[in-house]
2 protein chains.
Amino acid sequence: MDRFELNILGCGSALPTTRHFLSSQVVNLRDKLYMIDCGEGSQLQFRAMKLKFQRLNHIFISHLHGDHCFGLPGLISTLGLLGRTSDLHIHAQPDAERIFLPILNYFCSQLPYKVIFHSFDPTKNELIMEDKSLKVYTIPLKHRVPTAGFLLEEKPKSPHIIREMIDFHQVPVKQIQAIKNGEDFIKEDGSIIFNKVFVRPAEPSHRYAYCSDTAYLQKIIPIIEGVDLLYHEATFIQKDIARARETLHSSAKQAALIAKAARVKKLILGHFSARYPDETLLLNEAREIFPNTVLAEEKMNQKI
Amino acid sequence: MDRFELNILGCGSALPTTRHFLSSQVVNLRDKLYMIDCGEGSQLQFRAMKLKFQRLNHIFISHLHGDHCFGLPGLISTLGLLGRTSDLHIHAQPDAERIFLPILNYFCSQLPYKVIFHSFDPTKNELIMEDKSLKVYTIPLKHRVPTAGFLLEEKPKSPHIIREMIDFHQVPVKQIQAIKNGEDFIKEDGSIIFNKVFVRPAEPSHRYAYCSDTAYLQKIIPIIEGVDLLYHEATFIQKDIARARETLHSSAKQAALIAKAARVKKLILGHFSARYPDETLLLNEAREIFPNTVLAEEKMNQKI
């Protein structure tokens, strides 16, 4: 019921392999879906994982490299064929609209719904989307092109009402919302029953951070401090750190150092390079520094 | 050694399903690869089928619907990452270059090789590509946008040299090519040994026709007459013929009628709609008219 989970659609880096699809994931917060990155094949994985297209309203694109966004035209086109009518919001950098609109205008001119591009500044850590249950912030990253990660923060939840106490004190139905909002109950005789009598504290809210693609970047630590789950790219192992520096990617060790310094609860490694057939190399390297680490894999479903 | 075969990368229609990838196939003629259509995910299937990227030099796009070409930017980008240096030729309609170039210029500005667009007129049946071993002709089709199928015709092969007779008559090495080309051999004493003494007839050449997407169209029959293999779309069953007419697609029955009238050797049905979970419906419908019919499926390898 209080579902907040991460679905991995693809966690490979730019070169496709037989093991991995390209970058894309879908966060499910109480059956509302938020996609992060949309590499080629994302719609195929979306379907294969039996996610519901009509539950998807927001797509966040970290940066404009093909392996993170070439799946957009196909997905947008498919949503049209499925008869979607509600707006689809794409959050990306300013260039995205200029680049993708001609394609959409040519191939998807008959869409029964609107695609709305919202642009953000990847150099800033700021709120870019807010709805009833979620806030999404950008995390400035360091890569070969302007890049932002995303922090998804569940909003504080309502406390649980203790039904028995409501009944016992004969609280009228119309006043229950006020009690959920933290108010005390004033009886007809003027006496006050304190709010805490009626409620159990709300479930804690959770936070998820997506950081890909990026070089090792300490300045993200305060932004992602204490998140429940951190997805951090680990394109290389430490032995190939020269190549990581050159391409502005991270090693598994560096991802773990970030996770440890930010005291996150769990680290999930992704954006795997085709060069390492045995990814336990990456896992072991990270676990030496941050034990609660797992490897992303396609079709994985991870509680946040 | 004399390999000429069809590899199916994807044979679904526009809506992705868990069963099918989008339209794409690769014809292998003696280890040179020719791609026909390039729907989203084609590069993933190409890799999964262990085809060799460096053997691919020509891509033919039947029409500019997304499910037949959205895989191009990703494939082109991947070929660049793999260090390709030789030209890649894309044969498509004039709009293709205008539509895809901005994407390629933005995302693939550092390509180490050239992408060369060749445009063809889909209303004509004409030769659009010829190399040492293959000729490719367009087949005008009838669909909602200008569409062409492709006829791939293996060139006549050289006859087989009978080594024993070459030795017996002491034919000098430098004259063997002339004998392959059909010449007689004149001995030093002026006597003539006829060519047929030295050769066995060449293997017959084969032809493959790709017809997707199209409404039922009798005028293609003379063009594809007698081909060894015909891939014909069968988006619908006959019961849904009204919908086929409306969308300018074919039924399985119509595909079989074309195959029968054109006296092709074998029919392969593809471009499957998500609406038929049981595709044997399509197969049975076609086989009633044209028994030598098979269903396309992903990763299928079919001799031509």
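Pairing each heavy atom of B/S42 with each of A/E40, the nearest pair is N-OE2, 3.7 Å. Considering all non-hydrogen atoms of both residues, B/F107 and A/L64 come closest at CE2-O, 3.1 Å. The shortest non-hydrogen separation linking B/S77 to A/F70 is CB-CE1, 4.3 Å. The two residues A/G41 and B/L44 have their closest heavy-atom pair at CA-CD1, 4.5 Å. Closest approach of B/A48 and A/T18 over heavy atoms only: CA-CG2, 3.7 Å. Closest of all the heavy-atom pairs between A/A14 and B/T78 is O-OG1, 4.3 Å.
Across A/L22, A/D67, A/D95, the residue that shares the most heavy-atom pairs under 4.5 angstrom with chain B is A/D95. With respect to chain B, the highest number of heavy-atom pairs below 4.5 Å among A/H20, A/R47, A/Q45, A/H65 belongs to A/R47.
Contacts of A/R19 with chain B are absent, with no heavy-atom separation under 4.5 Å from either backbone or side chain. Residue A/F46: no heavy atom, backbone or side chain, is found under 4.5 Å from chain B.
Rounded to the nearest 0.5 angstrom, B/L15 CG and A/L82 CG are separated by 5.0 Å.
Remark: A/K32 NZ is packed, more than 12 non-hydrogen atoms of other residues, nucleotides or ligands lying under 6.0 Å away.
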